[in-house]
2 protein chains.
Amino acid sequence: MLHTTDHVVENVLRASSDAPSHAGAIEQIAAVGRARLLTAGTTVHRAGELFRSVFLLRSGATKRLLIQEDGREQILGFQMPGDLIGLESIHARTHSTTVVAMDLCSVIEIPYDALEALALENAEVRKLLFQRLGMALREEYGWMAALGQMNAEERVAAFLLDLSRRFAARGFSPRRFMLRMTRAEIGCFLGLTLETVSRVFSRFQRSGLIRSDRREIELLDLNALARLALATSAAPLN
Amino acid sequence: MLHTTDHVVENVLRASSDAPSHAGAIEQIAAVGRARLLTAGTTVHRAGELFRSVFLLRSGATKRLLIQEDGREQILGFQMPGDLIGLESIHARTHSTTVVAMDLCSVIEIPYDALEALALENAEVRKLLFQRLGMALREEYGWMAALGQMNAEERVAAFLLDLSRRFAARGFSPRRFMLRMTRAEIGCFLGLTLETVSRVFSRFQRSGLIRSDRREIELLDLNALARLALATSAAPLN
DNA sequence: CGGCGTATTGAACGCAGTCAATAGCTGTGG
DNA sequence: CCACAGCTATTGACTGCGTTCAATACGCCG
C-alpha cells in the first residue's frame, strides 16, 4: 500500500518520463535491451568501468554519485522509472560516476552497439537521446544554481518540488509521496548535513508547509514552497 | 602582448578543444555555419529564446548564466575557443540559459537544420555532438560536487586548475595566464562572494601557491593546488 | 527484548557572508 | 597635464547560517 514501486511498474509505460518525447522511442530502445534485476546497494555502473551499455530504469530508484579520492561523496541526482542511466558516457571510454540501486530495481540494459544501430535507422530515437542528454544538462544547471545561491530552506523546498514534479509526470500525486532516500542522502545531494535537512523539515512542518513523518511527505502549501524555491531547477524554463 | 585572444585564433585550428575528438568534425561543422562578431556584453543566446542555432566559439571568452526570477544570477561556466555553445538545447524548444560575450568574440553560427543534415550523413559529427554533450554533463557533475562539498580554498584551487588544464589543451601555458573574468564573476561561479575569492587569492599568494597581480595569474605550485582540489572536476576521470 | 540504523533536537563553534573603508587602475574631460 | 569618476580589488571587523558534537528518541527486524 505504501510502496509505490509496483504502481510505477504499471505506470511507466504511459508516463515514461518527464521528457517531452513520445513513449514510442523509449519502448523501441527497451526492445533491443535485456532486463536485469538489481537488489538494493548493487551498482548499475561504476566510475572507471568501461562504458558498454545504457540502462533504462523500469522500477525502483537509484542514486548517481561521485566519490572523491579523499572519500567524500556527492550525490548528483536520483533516478526514477523511465530515466535513462549512463547516457552521459556515450562515446567516452569509461563511466565517470557510479549509479547505485536504492531498492530493488528492474532495469533494461541496452548494449551500446544495439543503441547505436537503432539510433542510426530511427530518427525518433536519435531525437530522444539528444533530448534526454540536454535535459539532464539543463537540470544540472538548475542544481548548480541551487548549490551556488540558495540557503538551506530554499534548497530543501526546491528538492521537494522537484520530486513532486517528477512524481506528477509519472502519474502519481504531486502532494503526497514517499521519500526513497535518507536525510543524509538528501543532505549529500543538496550540499547540506543531515541535521540541517532534518531541521528544515521540522521548521517547514511547524509553519504548515508540509506534513512529514519519517519518509512520508505531504506538501501542504505548494505555492509557499515554490515561492521559497524561485530557482529554475524546480520550474524548468523549457 | 598580454592579450591571448589573437593567439587563440591561430591555435584553435589544431587544438580545437579538450574534447577527445578529431579536429576534422569540428571543422566540418564550422564549414556549414556563418561567422559573427560579438562585442563584449552582447549575448550569444538568451534564456527563453527559441533555439535555432548552435555556436562555435572561435576567439574570445563567454560566460553562461542562469538568472533567477528574484534577480540572483549564477554563472554556470566559462567558454573558451573551440567550445560549442547551445548544444544542450538541441531538440528543446527554447534556450534555458543565457550566454554573454565577455570580450570581443568571434563565433560561428551553425543553424540547427544544417547541423542536423550534417550529422545525418557524417558519423564523426554525430559522435562529436554526443561527446561534447556528455563531456559538458560530466564537467557539470564535477562542479556540483565542488559546490556541494568543497570549502572556499578548495573551490578556488579547483577553478584555477580547471583553467590551467583548458589553457594547456589549447596550447597555452598551464602555469601562467590571464583571467578573463572579475573576482565577482569567479565568486558567482563558485558560489562564493568576491571578497572571499580575493582573500583566498591573497592567502594562496602568501603561501607561495600562486603569484597573482589583478587579472594575471601564475600557478607556482600545481601539486599543492591539486592536493587542495582533490575533486574530480579538476582531474576528469575519463 | 535488544541492537542497529535513522531521525530529531540542542548547544557551541567556525567559515564564509556582510558591511565598510581604502587603494589602484583606466579612461575622460577640463 | 592633472582632476575626477567609475570600476575592480584588497583588507578589516563583525555577524550569522549551517556545521559539528552530542544526547535522545523512534522503528524495524533479528
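Protein chains get the first letters and strands the later ones, always in sequence-line order, with residue 1 at the start of each.
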- Can a side chain N or O of B/T196 be found less than 4.0 Å away from OP1 or OP2 on C/dG17? yes

- Just call it for B/R215: base, sugar-phosphate, or nothing, with non-hydrogen atoms closer than 4.0 Å on any strand. sugar-phosphate

- Task: Find the distance A/E185:CD to C/dT6:P and express it as a whole number of Å.
- Result: 8 Å

- Task: Rounded to the nearest angstrom, tell me the gap between atom CD1 in B/I186 and atom P in C/dA16.
- Result: 16 Å

- Message: With a 4.0 Å cut-off on N to O distance, would you call B/E88 and B/R64 a salt bridge?
- Response: yes

- Query: Are B/F189 and B/F78 near enough that their ring centres are under 6.0 Å apart?
  - Reply: yes

- Message: Heavy atoms from C-beta onward define the side chain here; which of C/dT9, D/dA13, D/dA9 lies closest to that of B/R199?
- Response: D/dA13

- Message: Regarding A/G187, tell me which of base, sugar-phosphate or nothing describes its non-hydrogen contacts under 4.0 Å with the strands shown.
- Response: nothing

- Query: Quick one: do A/R72 and B/E154 make a salt bridge, cutoff under 4.0 Å?
  - Reply: yes

- To the nearest angstrom, how far is A/R183 atom CZ from C/dT9 atom P? 10 Å

- Query: For the side chain of B/L194, counting heavy atoms from C-beta on, which of C/dG17, D/dT10, C/dT8 is nearest?
  - Reply: D/dT10

- Message: Counting only heavy atoms not in A/R211 (residues, nucleotides, ligands), do more than 12 fall under 6.0 Å from its CZ?
- Response: yes

- Message: Please pick, from D/dG18, C/dG17, D/dA9, the nucleotide with the shortest atom-to-atom distance to any side-chain atom of B/L192.
- Response: C/dG17

- Message: Between C1' on D/dG18 and CZ on A/R155, what's the gap in Å once rounded to a whole number?
- Response: 9 Å

- Query: To the nearest Å, how far apart are B/L147 CG and D/dG18 P?
  - Reply: 15 Å

- Note on the structure: Closest to the 5' end of DNA chain D, once A/D213 and A/A152 are matched to their nearest nucleotides, is A/A152

- Protein-nucleotide distance (A/Q149, atom CD; D/dG18, atom P), rounded to Å: 14 Å

- Message: Rounding to an integer number of Å, can you tell me how far B/L190 CG sits from C/dC15 C1'?
- Response: 16 Å

- The nucleotide from C/dA16, D/dT10, D/dA9 with an atom nearest the side chain of B/R214 is D/dA9

- Message: Of the listed nucleotides (C/dT18, C/dT6, D/dT10), which one gets closest to any side-chain atom of B/T193?
- Response: C/dT18

- Message: Mind checking if B/T182 touches a base, just sugar-phosphate, or nothing, with heavy atoms under 4.0 Å?
- Response: sugar-phosphate

- SB check B/R176 B/E218 (cutoff 4.0 Å): yes

- Query: Which part of the nucleic acid, if any, lies within reach of B/S198 when heavy atoms closer than 4.0 Å are counted: base, sugar-phosphate only, or nothing?
  - Reply: base

- Message: Whole angstroms only, please: what is the CZ-C1' distance between B/R203 and D/dT10?
- Response: 13 Å

- Message: Can you tell me which nucleotide in C/dG24, C/dT8, C/dT18 comes closest to the side chain of B/E195?
- Response: C/dT18

